[in-house]
Each structure stands twice: as structure tokens, then as C-alpha cells.
Amino acid sequence: MSELAFRTCPLCEATCGLEIEVKDDGSVGRIRGDRDDVFSRGFICPKGSTLKQLHEDPDRLRTPRVRGEDGELHPVKWDEAFAEVERRLLPIIEEHGRDAVAIYLGNPTVHSLSAVLYTRFLVRALGTTNVYSASTIDQRPKEISSGLLFGTSISFAVPDLDRTSYLLMLGANPFESNGSLATAPDWPGRLRGIVEREGRVVVVDPKRTKTAEEASEHVSIRPGTDALLLMAMVHVLFAEGLVDLGRLDGLVVGIEEVERVARDFTPEAVSSATAIDAATIRRLARELAAAETAAVYGRIGTCTQEFGTLASWLVDVLNILTGNLDRPGGAMFARPAAGGATTSGAPGRGRGVKLGRRASRVRGLPESYGELPVVCLAEEIDTPGPGQVRALVTVGGNPALSVPNSDRLQRAFRDLELMVSVDPYVNETTRHADVILPSPDVLTKGHYDVAFYQFALRNVANYSPPVLPPEADAMEEWKTIAKLALIAQGAGAAADPAVLDDMVIRGMVERAGLDPEQTLAELAPRVGPERMLDLMLRTGPYGLTLDQLLEHPHGIDLGPLEPRLPDVLRTASGMIEMGAEPFIADVPRLKAALDRTTNGGFVLIGRRHLRSNNSWMHNVTVLMKGKSRCTLQIHPDDARRLGLGDEAKVRSRAGAVVVAIEVTDAVMPGVVSLPHGWGHDLPGVEMKVARAHAGVNSNILADDDLFDPLSGNAVFNGIPVEVAPA
Ligand SMILES: Nc1nc2c(c(=O)[nH]1)N[C@H]1C(S)=C(S)[C@@H](COP(=O)(O)OP(=O)(O)OC[C@H]3O[C@@H](n4cnc5c(=O)[nH]c(N)nc54)[C@H](O)[C@@H]3O)O[C@H]1N2
Ligand SMILES: Nc1nc2c(c(=O)[nH]1)N[C@H]1C(S)=C(S)[C@@H](COP(=O)(O)OP(=O)(O)OC[C@H]3O[C@@H](n4cnc5c(=O)[nH]c(N)nc54)[C@H](O)[C@@H]3O)O[C@H]1N2
Ligand code: SF4
Ligand SMILES: [Mo]
């Protein structure tokens, strides 16, 4: 006998519904796609069913660990672990001030309801300027561009895949990644749908990926030069009189500035730098303008590069200039049911965004959205002086593998006086921790994608209650985070997380202008993230409640995206700020790149694989079967010319690795591709399966000196490297 439970998969951004068999003895049986899920309709990728393996993984931590005098990490009771944090954290704050403690929030914090809702209170309680996250090794350029254009960091215009007739996609490989910053299950099916309805999908990528192979056309581009290509397309639209704002007319300022700065970027001028011929660039611009509906979409390949913010900006400039922003089949805005940045406050106008309010201590890189670029973290730890970082808290992150110049960062970790990690594994990062506080198993947590529904391709609301009861000794993740916040505030290791929770919810109710006593009574007896979510749903644009969501285990479909301009805007002017000064001021830097020569050297780019998830799903045996995926892909002509054997030595300014090569003409000559998230064979890592498939860490090569100056975002695509026989 068994029961079926339904649950949204939290592993990537696609939000697929899972059907999970729970056996009478409480064990997990088969997991497959939920055919009744309103969004995913049964779609699932190979990772979705492995929540069972994660649940059963013997290496997953069930109890906290504290480093003893012998230098080893010992299992302890929760009380002891929190007491240890208090004992060691407070003197550091007292002696060196709050900036001496840094915090790093990793990618899974965005996929965990507890972490999404409660880490901001921890950040606030720490009171430090040293706040870092995976955002500045990922989408910060897009957040800055969307913030300046539309008014909030998360005002992303997403490609309306299901209705568009033309998709121009740059730097994304959704056949492996399942899509990003444009949430939808089954991106592959939706892309095929465009081709089947006789639309066109054009993929711009230095590699002929699976996505490119399935597209109508693959345009290969030299890494890091997307902004040049896009600027030349803007140039063509103006030069050939193809600009047509349609109903955006009167909502956009800065058209003249954009026309002016695009003047020098003719297709001929960018052709040699981009390695795309001028005729192709002209044709792409004309096709985009002529398409009945069209969307331009850029993802990680366009963000984690030298001109990340300009490229992200130009993606939307093209959507605007062709009148495709905010119309069906174009690039549209979601209307999320809970916690929407673009559904709260006065419609159509807001405070806009303020960037660079302060700078990092050592290198002076700009703050954005309350964070500093994580390429600064190592130097903030290893450079002495007032304000030096002496303690680090990590939540759901593995910066030892995911941040550039990771050898330096790992050396810096050894200098820390205290490191505390909220994480379910002893991995490359947490092996340096003094205290590890395990987050509970995914299947024992409730789930709602507060973040991803903000930029989904359809308006959907789906809450999943915990599938399994809590494991013995487990602590709910929000409680762990709240306890750390209370300790940082000086409330003591014994303080009750409910105190913080009650205070926070009362503040939220009051800010929403609701009667506190009545509303709190309505929300009772729920506490924690579920209570917060319930309030967010009630005050959201559809006035839903958590009880309603519980009655719909396959989700509530709130319909296709609808035009939202001008209400969606939160800029101070109430207009789309297409010519915002920071963009325009960065164009001379792009212009200087026109004359760059490649002098025959190699550049490194990254890639993803369907059965990986950044650095942390490598301990699941079923996902690790088959050939090693951590290989350096290189073009046959290059491999021959260098006389490479089975392995190559790759060297950058930051470091060197020896890695197995995979010869393939899918990558363009002069470009080599290596995935990130590998290199598991470090001392102290307690992940047996991952260790047996260690691979090498590509971020030994990535350089903390390379970043996009507007955002401080790391560069992972277009890193100069030397390749030689090993
Ligand atoms: N299976 C799996 N899924 C994932 C993840 C994972 O690790 N594994 N990670 C998740 C996360 S955190 C994210 S952020 C998303 C990312 O999702 P995507 O953005 O789709 O990421 P990738 O699959 O890495 O595709 C990036 C593509 O950009 C190309 N590229 C590299 N440099 C350039 C360039 O300069 N210009 C252009 N035009 N293209 C370039 C690469 O060749 C690659 O094909 O995926 C998420 N989904
Ligand atoms: N060279 C190169 N580097 C890259 C990239 C690239 O394309 N190339 N991509 C970058 C991108 S897009 C990203 S998003 C980053 C990711 O960088 P990070 O966020 O630093 O790394 P992840 O591998 O996502 O880390 C996952 C960690 O969270 C833990 N974890 C899993 N589930 C939970 C949970 O529910 N709660 C808690 N508390 N912890 C949990 C895991 O055990 C693991 O330690 O990597 C970046 N690094
Ligand atoms: S595509 Fe993403 S959300 Fe869907 S099953 Fe795979 S990992 Fe889970
Ligand atoms: Mo990411």
C-alpha cells in the first residue's frame, strides 16, 4: 500500500510538478512527473525523481557538526551548536565591528521557502556591509538592467514562448538547464512548439549546443561579444527605419541617446570582433523587425561576461524598439500571486533603483541591491586592515567551487576565525566550517516558488505541503536561520525563533495597512514561512489564501501573461528608462572592444549538463552514471595543432588545471568549454559518490580580476587561457 503526494520540484527554475509515492512504512517509492500539474503537465527531467536519492543519501547531514579541539567536525546537539556560534561570533563583532562578519547566500536559498523568506532577517541582524550571494556570479547584470529600465531588480521581461513566432536566444542552453529567469517547465517542448508552428528560433552561442541543434538557426559568436552584436542590430533598426514602438510610444524615454550611441556600431564594425558576418547581422535585425511577434532572450552566457549589463540592456532595447515588449508573443511581465515586486506599492511609478551607494573596502567595487560583488570576498578576508572580514556565514552555497579564483578563496577560508554554514553536506566549502547546521531534507519541507513565479511564462500559484514528517533531530530551516539572526542581535543562543517570527509577521501586517489583531487571528494557527506566505497571497493581486492552494495540489492556473504596462513600472519617472545614464556611460568601454584582436589565444567558456545542478547533485549515483562530463571540449583543429593527447593543461592568470579533453567541432575554434561545480576530491569532503567522480574545478581558472564593472558580476565566459599538452 502507498499514497501519492504532489510536490513542486525545487531543484531548478522550471517548477515541475512531481507525483511522489509514499509507502506505508514512510519510505519513498517512485517519483514521476505529475500529469495533472497545471504548469508542467507531467514533464520532468532526470533530476526530479532523485529527490528520493537525496532523501536517502547516507552522506546527507542529519545533525549539526562542530569543530573540536582535535580539528575534526563532531556531531553535536542543536543547542550545543548554537551555543558555539554565540560563544565565538559575539566577541568578533564586539572587537572588530559588524563588518567583520560576512554572509554568502547560495543558489538553493532561492529554491527554499524558508531561506527565501528568512535570510533577509539574518542579513539585517548581522548588520554587515559584507553581504554576498550567488547573484553576482550569475544574473546581477540582468537585475541591474531591469532595475534601471523598469524600476525593480526583478522586473524581468520574459519571452512568451507559447505565442511567439520568432525567438532570438543568446547565451542559454535550456535543453540542459531547463531555462532560467524565465520560469516554465518543458522549455524543450515549448521551443519545439515555435518551430512546429513555423516560427523561427535563432540561437547565438559559441557552441553548437543541443538547443542550437534543435533551433532553426545557430549563429556562432566569439565569447563576450554579444553586446557588440546586439548594438549593431540596434544600429540597423535605426539606420533602416525599422524602429516601431507600437503601443510603447509615449512610455519610453531615451530613444535619442540609444540611437546616438549605436551610430558607430555598424555591422561591418562589429563583424571581426564577434566573428559574425555583417550580412547575417543585418538579416537578423530585419527578421526581428519583420516578425509578426518576436522576443529576444539572453541568459547566463550574456550575463557572466565582460559586458554583461550592456548585453542584458540591449536585449530589452531590441524588444522595445521592435514594439515587442509587453505584448503577447513578445517579452512580457508576469503577475505573481505572492510577494511580487511589481504588484505592490503604487502602480506605474516607484522609487526606481539606486546603485553603487557604497564601495567594497579593498578594490572599491560597487554595491548593488545591498550586496557586494562576490569576486571581492577573498580579498576582503585576506587583506588586513580595519573592516577585514574575520567570520563568514554561508547559507546554501558552495563558493569554494562556484566563485572565481577559488584557490585563493579557499586559502582565505583557512584564515577565518569563524565559519558557520547552513548546509546539508560536508562539501568543498563547509569542510572549512567550524559549525555546520544542516537544512532538513527537501521532502520534509513545504514549498512555494516565491521567487520564480515573479518571472514565470504563465501566472501560476502552487504550494506543496511537506511530503514526509520531519526526521528525528531535524530543525526547520527557518528556525535555524532565525536562531542565527537572534544570536547576531544579541538575544542569546537560547532565544525562541517564534519571537522573531511573531515580530516580523506583525510588521508585515502593519505595513500592508491591515488590522493587526484581526489579520493575525485569521492567519493563526500557522507560523513560520507558511504564515508569511498566506499573508503574501492574501495581499497579492489575486487575493488567494494558502487554504485555497492546499485544495489544489496540482496548482492554480491564473492564466497566460497579459500586458502590464504602464502599471508594471516602478521607475521614478513612470517611464521605461531606455537611455539610463549608467548604460550610456558604459558604451565607450564597449567601443574600445571593437578594435581588439584575438592574437590566436584561447578563451574559456562554461556549460551545464542536464544531470548536474551546479556543484551539489554529484552525490547521487543514478545521475553520475556514464562517461565523465567534466571534460575540456576543444575543436579538432585546435587539438591537432597543439598535439593534445588525452589530457590538456589549461592555464589562466589565476591558476592551472589538468583535465581530460573531449574533441568536438561543436565548439568554435579558439574556444574551450569546461563545466563548473566539479573538483570534489579535496581533503575532508564527505560525499563518497561525488569524490569518486571528482572532476576538476573550473573556477581555479576563472579570474577574480575579471568582472563587468557596472554590476561587479564575475566573468565566466571569455576567460583568456593557454592550452597545452599535459
Ligand atoms: N541541469 C542543470 N540545470 C541548471 C543548472 C545546472 O547546473 N544544471 N544551473 C541552474 C542555474 S543556477 C542557472 S543560472 C541556469 C543557467 O541556464 P542557462 O543560461 O541556460 O545556462 P547554460 O546551460 O550554461 O547555457 C549557457 C550557454 O551560453 C553559452 N555561452 C558561453 N559564453 C557565451 C557568450 O559569450 N555569448 C553567448 N551568446 N553564449 C555564450 C554557452 O556555450 C552555453 O551554451 O541553469 C539552471 N539549471
Ligand atoms: N565557472 C563557472 N562558475 C559558476 C557558474 C558558471 O556558469 N561557470 N555559474 C554560477 C551560477 S549561475 C550559480 S547560481 C552559482 C551557484 O553557486 P552556489 O550557490 O555557491 O553553489 P551551489 O552548487 O548551487 O551550492 C549549493 C549548496 O547548497 C546546499 N543546499 C542544497 N539544498 C539546500 C537547502 O535546501 N538549504 C540549504 N541551506 N542548503 C542547501 C548544497 O549542499 C550546496 O552546498 O555558481 C556559479 N559559478
Ligand atoms: S526540470 Fe528542474 S524542476 Fe523540472 S524535474 Fe528537472 S530539476 Fe526538477
Ligand atoms: Mo545560477
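Since the structure is predicted, the reported quantities are computational estimates derived from the model, not experimental observations. One-based numbering, in listed order, for ligands and for the atoms of each.
Contacts with ligand 3 closer than 4.0 Å are made by no heavy atom of T8, backbone or side chain.
Using cut-offs of 30° and 60° for the angle between ring planes, the F156 and F455 rings count as tilted. Note on ring orientation: taking the six-membered ring where Trp is involved, the planes of W478 and Y118 are tilted (angle from 30° to 60°).
Annotation for ligand 3: atoms under 4.0 Å from non-hydrogen atoms of T15 are 3 (S).
A donor atom on one side chain and an acceptor atom on the other are found under 3.5 Å apart for E662 and T631. Side-chain atoms of S135 and S133 form a donor-acceptor pair, as typed in the model, at a separation below 3.5 Å. Using modelled atom types, one finds no donor on one side chain facing an acceptor on the other under 3.5 Å when comparing D423 with T430. No side-chain donor from either of N462 and H554 sits under 3.5 Å from a side-chain acceptor of the other.
The two residues N614 and R608 make their nearest non-hydrogen contact at OD1-NH2, 3.4 Å.
Partner of Q305 under the side chain to side chain donor-acceptor pair (under 3.5 Å) criterion, chosen from D708, N717, T225, D226: D226.
For atom 6 (Fe) of ligand 3, protein N, O or S atoms closer than 2.8 Å were enumerated as C45 SG, with waters left out.
Among residues two or more places apart in sequence or in another chain, the salt bridge (charged side-chain N to carboxylate O under 4.0 Å, His left out) test is passed with R629 by none. Partners of D186 according to the side chain to side chain donor-acceptor pair (under 3.5 Å) rule, which considers only residues two or more places apart in sequence or in another chain, do not exist here.
Within 4.0 Å of ligand 2, counting heavy atoms only, the contacting residues are Y104, G106, N107, P108, A134, I137, D138, I300, G396, G397, N398, P399, S402, V422, D423, P424, Y425, N427, S439, K445, E477, R608, N614, S615, W616, H676, S698, N699, F716.
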